[in-house]
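These notes are about the structure you will find just below.
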Amino acid sequence: MTESNHVSSLTASGPSHAPAIGQQRVVIVGATGMVGGYALRYALDHPAVGTVTAVGRKKLGISHPKLQEVLHQDFADGSALAEALSDKDAVVFCLGVYTGAVSDAELRRITVDYTIEFARVLRGSSPEASFSFLSGGGADPTGRSRIPYARYKGEAEKALLAAGFLHVYIFRPAYIYPVEPRKEPNFSYRLFRAIYPVFRLLFPNQVIRADVLARAMVDVAVWRTGERRGLVFENRDIRDMVESLRPRAEDSPSENDSQRTLR
C-alpha cells in the first residue's frame, strides 16, 4: 500500500472516525457500470448511509427510499451538478470505459478530463467529502508508461491527490471478476472469466470480485480514516482490507450476497 502522507493500515479494529447510523450522504458516479452497480446496492443497504445520490446519463430503473437520481449528460462540464453535490460526505467514483471501446482521445477524455471536472465541482460544493476512485492495476502517475490506460489513470490519480480533498482513496484492482453473467467486452475478458477459478487459486492477488471491490470502496469512503491523507490500494491491499474487515467475503466464488432485490 502506498500513500501521499504517513499512513497506517485499516484493520478489523475499525475506522478511527465512525459516522452515526444513517447519516452519511453518499454519491455514486457510474452506477450503471459493473463495480458502480454493486457500490450502489451496497450503499443503499449500508446502515451508516442516509442518502445515496446516483449521478449518471441514464435512469437506473430502480426505486429505493434512500436513492436520489441526478441525470447529467455532459461530464466535460459539471457546473450544473454544483447544487446536487452540495453537503455530501463521500463519493464513490466508478465512471470509466474499457480500453479499445473508444478512441484514444475519448479514453483520455473520460478517464482524465471527466474525473478532474467532477472533482473540481465536488471540491467547491463539498470540500470535506471523502473520495474513492476506481483506478486500475498498473496506473502510472509519472506518465512514463507506454500503455495509454495506465498513463491516463495515473494522471487522474495525480490530479485527485492534489485537488485538496481531506481523504482520497485510490483503488487499483487487477482483473475484476464480474460475478454476474454478462456479455464480455473483448476476448481477453472472456478468457479470464473462463479460467477465473484456476487463476484465482494460482494468483489470488491478481483478481478481485466486483462486488467485494465495490464494498471496499464504499466502506473506506464512508468510514474514512482520522487524519488527512491520500491512500493508494493495490489489488493485494484491497484483498487484505476485505479479509481483515470481512473475513468471509470471498470464501466461495459462487457467493453473491450483494445481489439483493431493490424495490
Inset, instruction - For the pair R151 (side chain) and G143 (backbone), establish whether a donor and an acceptor sit closer than 3.5 Å, ignoring hydrogens and angles. - result: no

Legend entry - Side chain E69, main chain L60, donor-acceptor under 3.5 Å: yes

Inset, instruction - To the nearest 0.5 angstrom, please state how far the OG atom of S130 sits from the CZ atom of F165. - result: 9.5 Å

Legend entry - Beyond-backbone contact of I170 with L231, side-chain heavy atoms, under 4.5 angstrom: no

Inset, instruction - Without swapping roles, check the side chain of S126 against the backbone of E128 for a donor-acceptor pair under 3.5 Å. - result: no

Legend entry - Non-hydrogen side-chain atoms of V55 and I28 separated by less than 4.5 Å: no

Inset, instruction - Check whether any side-chain heavy atom of R224 lies under 4.5 Å from a side-chain heavy atom of Q24, and answer yes or no. - result: yes

Legend entry - All side chain to side chain donor-acceptor pair (under 3.5 Å) counterparts of K158, not counting sequence neighbours: none

Inset, instruction - Please report the closest heavy-atom contact between V220 and M241, naming both atoms and the distance. - result: CG2-SD, 3.4 Å

Legend entry - Nearest-0.5 Å distance that lies between atom CZ in F133 and atom OG1 in T115: 4.0 Å

Legend entry - Residues Y175, V207; criterion side chain to side chain contact (heavy atoms under 4.5 Å, CB included); working and verdict: CA-CA 5 Å; Y175 169 67; V207 298; 3.9 Å; yes

Legend entry - Pair Y42, D211: side-chain N/O donor-acceptor within cut-off below 3.5 Å: no

Inset, instruction - For the pair V26 and V222, evaluate side chain to side chain contact (heavy atoms under 4.5 Å, CB included) and give the outcome as yes or no after the intermediate values. - result: CA-CA 8 Å; V26 177; V222 168; 3.9 Å; yes

Legend entry - Residue pairs involving residues 108-119 (criterion salt bridge (Lys or Arg N to Asp or Glu O under 4.0 Å); sequence neighbours excluded): E106-R109, R108-D113, R108-E155, E117-R120

Legend entry - With sequence neighbours excluded, residues passing salt bridge (Lys or Arg N to Asp or Glu O under 4.0 Å) with D140: none

Legend entry - Close side-chain approach of R57 to F75, heavy-atom, < 4.5 Å: yes

Legend entry - Spatial distance of atom NZ (K88) from atom CZ (F131) [nearest 0.5 Å]: 14.5 Å

Legend entry - Nearest non-hydrogen partners of M217 and L134, listed with the distance: CE-N, 3.5 Å

Legend entry - side chain to side chain donor-acceptor pair (under 3.5 Å) partners for S135, two or more places apart: E157

Legend entry - Closest non-hydrogen atom pair, P173 against I208: CB-CG2, 3.8 Å

Legend entry - From OG1 (T51) to NZ (K66), nearest 0.5 Å: 9.0 Å

Inset, instruction - List the steps and the verdict of side chain to side chain contact (heavy atoms under 4.5 Å, CB included) for V112 and Y114. - result: CA-CA 6 Å; V112 181; Y114 289 3; over 6 Å; no

Legend entry - Interatomic distance, L107 atom CG to K153 atom NZ [nearest 0.5 angstrom]: 8.5 Å

Inset, instruction - Identify the two heavy atoms, one from A156 and one from T111, that lie closest to each other, and give their separation to 0.1 Å. - result: CB-O, 3.5 Å

Legend entry - Exceeds 12 heavy-atom contacts within 6.0 angstrom, atom CD of E83: no

Legend entry - Test log, rule side chain to side chain contact (heavy atoms under 4.5 Å, CB included), inputs I238 and L213: CA-CA 7 Å; I238 302 169; L213 171 60; 3.9 Å; yes

Inset, instruction - To the nearest 0.5 angstrom, please state how far the SG atom of C94 sits from the CG atom of L40. - result: 10.0 Å

Inset, instruction - Measure from the ring center of F118 to the ring center of F93 and say whether it is less than 6.0 Å. - result: yes

Legend entry - Considering all heavy atoms, the nearest A214-Y38 contact: CB-CB, 3.5 Å

Inset, instruction - Assert yes or no for the condition that the ring centre distance of W223 to H167 is strictly below 6.0 Å. - result: no

Inset, instruction - Mind checking side chain to side chain donor-acceptor pair (under 3.5 Å) for D89 and listing every partner two or more places apart, or none if nothing turns up? - result: R25

Legend entry - Nearest heavy atoms of G78 and H72, plus distance in Å: CA-NE2, 3.9 Å

Legend entry - For D104, all residues meeting side chain to side chain donor-acceptor pair (under 3.5 Å), sequence neighbours excluded: Y152

Legend entry - Within-4.5 Å side-chain heavy-atom neighbours: M34 and I176: yes

